[in-house]
Structure formats: C-alpha cells, structure tokens
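A, B, ... follow the sequence lines: proteins, then strands. Residue 1 opens every chain. The figures here come from the full heavy-atom set of this structure, side chains too, leaving out hydrogens, waters and symmetry mates.
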There are 2 protein chains.
Amino acid sequence: MGKKHKDGKKSKSKKKDQTEYTLVDLSPALTQAARSMRTVLSRNLFESGLYAGQDGVILSLAESDGMTAGGLAQKLGVKAPTMTRTIGRMEAQGFLERKPDAEDARLTKVYLTALGRDSVRAIEMAASACDRLATQEFSEKEIRNLVRLLKAIDANLQAEAHAIEEPDED
Amino acid sequence: MGKKHKDGKKSKSKKKDQTEYTLVDLSPALTQAARSMRTVLSRNLFESGLYAGQDGVILSLAESDGMTAGGLAQKLGVKAPTMTRTIGRMEAQGFLERKPDAEDARLTKVYLTALGRDSVRAIEMAASACDRLATQEFSEKEIRNLVRLLKAIDANLQAEAHAIEEPDED
DNA sequence: TCTTTTAATTAAACAGTTTAAGGGCTGCGC
DNA sequence: GCGCAGCCCTTAAACTGTTTAATTAAAAGA
C-alpha cells in the first residue's frame, strides 16, 4: 500500500513555520535497503565464518596489506576501539594477524593470513551475488548511477560528520 | 586513491571457474552510505531523546496507530524480541504505550503518547535535514530515482530473505 | 476438553559501537 | 642526554541492536 504517494503523507503539516522541508523518504529507504542487504550478505558470508562488518577489513587488507589499525578504523568509518575489537576477533578466527611495525613500535600493522587471503574471493562472490540479487532488473546505467549517488551521499554526510567534530574548541 | 577503477580491482581474478561475477561495488557503497546516514541521523535525533532505530517505530505508529508488536517487527524487518525490547525502552522513555487488545488478549497493541506524537515532527525534520544534506547537489530526478532503486533493492532482497526461511520443512 | 497454533515476552548470548582511561613509544625542546 | 608532550593502540565499562531458544498466555479446532 502507498505506492502512489507523490508528496502525500506531508498533508498533515500543521502550517507552522514549516521550514519547508521536502520529504524525499531517502533515509528510511536507505536504512531499509541497507538492513536487508546486511541480512542477506551476512547469510552469504556465514559459511566463510565471517560476520558482516568483517568483510570490509579483509577487503581493505586485500587491497593494501599491512594497514595500521587506525588506518583501517578511519577507512571503515569506525572508532579505534571498535577496530581493535574487530581485529582481535578476526585474529582469533585466524583471518589476520597483528605485527608491530619495525620502524615505529607504536604502530600495529595488520596482515592477512593465508586463510584471510582465501576468504577474499568468497567475500567478493558473496557480495557480488548479493549485489546481483539486489539489482536484478536494473540496467547497467541505473546501477552505475546508484553507486555513484551512494558514494556522493557518503561523502556529503562524512563531510558534515567531521565538520561537527572539529570546530569544538570552546 | 582508486577513483578511476572501472572494473579494475577484478584484475586479480585467478582465472578459476570465475562464475563471471561482475563487481558493481554496490554493497560496500550502500553499507557505507547507510552507516554515515545513521551517524548523522542519530545525532540529529539525539535532542529528541531518540536513538536511530526508534524513529521507524514512531513513524509507523504515526501512520497507523495501534499496530501490534509483531506487526511493527515485520514492518521494520526485525525479529519479535528486538521489537519487544525496543518497545519496552521507548515505553520507559514515554514515547508510546502498550495496551492489550480488547478482542484478542494475545495481541499487544502499541499507541503513541502525546510525547510520541510530538516527536513525529522532530523526526521528520531530522530525517529531511539529513536527506537534504546527503543529497545536496542532486537533482530532483536523481533523488527520485535513487529512492526508487533503493526500494526496489529492499524488495528484491526481502523476497530472497524470506524465500530462504520458508522452504525449510525437510 | 484437550491439543495445536499463535503472539508476546524473557533469557542468554554475541556483534558493534562509543567514551574514557591506561600504557608504550617517538620526537622535540632544553 | 633528559624529560615531557603527543600519538597510537588497547582495555574497560556501558549501551543498543540483534538473534535463537524457551516460556507464558490465549485463541482455535478436533
């Protein structure tokens, strides 16, 4: 139900100042889609012994092995303790290993193990299977546009997210 | 780095059976965008005392007050215990209240309180602010397409998600 | 009436996340 | 050289979100 609303749903606006906000329904749609994606993806990943959220670490490392914990955290958009925990779990699972940097002993560098490297393909296949399922009847162009817009959204939002953190210096 | 890859990144394929999977990079893009969205949204929602994830409950109720706990769970794509917990927390916060159904005592119906109804506008504004921020330089058409595709993705994925649950009857 | 089914809850467990605090190491100024 | 400031990672504590399995309660049906 409700497939026809163009800008209905906003009809209950109380005529206050209103700020004239145009409802685009983006956030719920994005949230829902991402939730579904995560559900399916984690099911696909399960056989590999991976949880959704760990795949990003492996793919990042596959692209550039030996990243630091902090670098991974930043790249994946989580805080350092989260990454420490994730890495610890994945190390226990045998997907990767930590080594102190030879030059700067403060740094912890993270490397894929053989198992980790093996799982790269599994992850890529799971992800692409999921992607294909999700975009079944989409055209190539639609998919490209979609990904482009998604990345733009992320960039826009991250700029703001960081903009809020920075200027705090009373 | 890596802004130019069209279908590079796949170049490391080992020439195995390959299954010919075309990498569209959708899932990471979607995941990242959703994560950023959630971060910004929960910041916007924070003043209302809401956490991201609770907004869906209030909006659903705003659209159709008196839904059952199970109905909410299904609509929002979570399992019943999650909804029980969320509802419990939100009831404690004063946003909604539970009432047993008069006709079928098994059912728990959920209603918005005055506070809950007040927060609807705050949520809508937070969401639309977030949406506008995310889609700053997008055209109307791009946004519409984006939302349409996102919903289609959700539909595609949910169909699969359920398809896996059902046919299990040995 | 008794059994089966359905709805919600509770319990136990775990992933992911955060902030705050701790610890080791670098590097720079003195 | 020494010491202190700062950086990077980790630990600790707390909370949300999530799941499966077991429990309780009520309706529906045989």
Check: A:Arg85 side chain, C:dT17 base, donor-acceptor under 3.5 Å: yes

List in chain and number order the residues that pass salt bridge (Lys or Arg N to Asp or Glu O under 4.0 Å) with A:Asp118, two or more places apart in sequence or in another chain; answer none if no residue qualifies. none

Base, sugar-phosphate, or nothing for B:Ala80, non-hydrogen atoms under 4.0 angstrom? base

Can you name the residues that form a side chain to side chain contact (heavy atoms under 4.5 Å, CB included) with A:Ser42, not counting sequence neighbours? A:Ala52

Which residues pass the side chain to side chain donor-acceptor pair (under 3.5 Å) test with A:Asp65, sequence neighbours left out? none

Contacts of type side chain to side chain donor-acceptor pair (under 3.5 Å), residue B:Glu97, not counting sequence neighbours: none

Separation of atom NZ in B:Lys79 from atom P in C:dA7, rounded to whole Å: 15 Å

Starting at atom CG of B:Asp101, determine the distance to atom P of C:dA7, rounded to an integer number of angstrom. 12 Å

I'd like a list of close polar pairs between nucleotides 23-30 of chain D and the protein, N/O only, cut-off under 3.5 Å.
from, atom 1, to, atom 2, distance (Å)
D:dA27, OP1, B:Ala105, N, 3.2

Figure out the CZ/C1' separation between A:Arg43 and D:dT18, and round it to whole Å. 14 Å

Donor-acceptor pair, side chain of B:Thr68 and main chain of B:Gly71, under 3.5 angstrom: yes

Can you list, pair by pair, the side-chain donor-acceptor contacts under 3.5 Å of residues 87-95 of chain A, counting residues two or more places apart and other chains?
from, atom 1, to, atom 2, distance (Å)
A:Glu91, OE1, A:Arg98, NE, 3.1
A:Glu91, OE1, A:Arg98, NH2, 3.1
A:Glu91, OE2, A:Arg98, N, 3.1
A:Gln93, OE1, A:Gln54, NE2, 3.0
A:Gln93, NE2, A:Gly49, O, 2.9

Just how far, in rounded Å, is C1' of D:dT18 from CE of B:Met83? 11 Å

Considering only heavy atoms, which members of residues 88-100 of chain A lie under 4.0 Å from some atom of DNA chain D? A:Arg98

Residues forming a side chain to side chain donor-acceptor pair (under 3.5 Å) with B:Asp154, sequence neighbours excluded: A:Ser36

Under the 3.5 angstrom rule, does the side chain of A:Asp55 hit a backbone N or O of A:Ile123 as a donor-acceptor pair? no

Contacts of type side chain to side chain donor-acceptor pair (under 3.5 Å), residue B:Gln136, not counting sequence neighbours: none

Using a cut-off of strictly less than 4.0 Å, decide whether A:Thr84 has a side-chain nitrogen or oxygen near OP1 or OP2 of D:dT10. yes

I need the CZ-P distance between A:Arg35 and C:dG16, as an integer number of Å. 16 Å

When you look at A:Glu103 and A:Lys109, which way does the salt bridge (charged side-chain N to carboxylate O under 4.0 Å, His left out) test go after all the steps? CA-CA 11 Å; A:Glu103 310 210 337; A:Lys109 295 204 163 179; over 6 Å; no

Report which part of the nucleic acid A:Thr82 touches: base, sugar-phosphate, or nothing (heavy-atom distance under 4.0 Å, all strands). base

Select one nucleotide: of C:dA8, C:dT17, C:dA15, the one nearest the side-chain heavy atoms of B:Thr68. C:dA8

Can you tell me how far P of C:dG16 sits from CG of A:Leu72, to the nearest Å? 14 Å

Rounded to whole Å, please give me the gap between OH in B:Tyr51 and P in C:dT18. 15 Å

Judged by nearest nucleotide, the residue sitting upstream toward the 5' end of DNA chain C, B:Ala69 or A:Thr86, is B:Ala69

Roughly how many Å is it from CZ in B:Phe46 to P in D:dT16, rounded to a whole number? 11 Å

Select from B:Arg38 and A:Pro81 the residue whose nearest nucleotide in DNA chain D is closer to the 5' end of that strand. A:Pro81

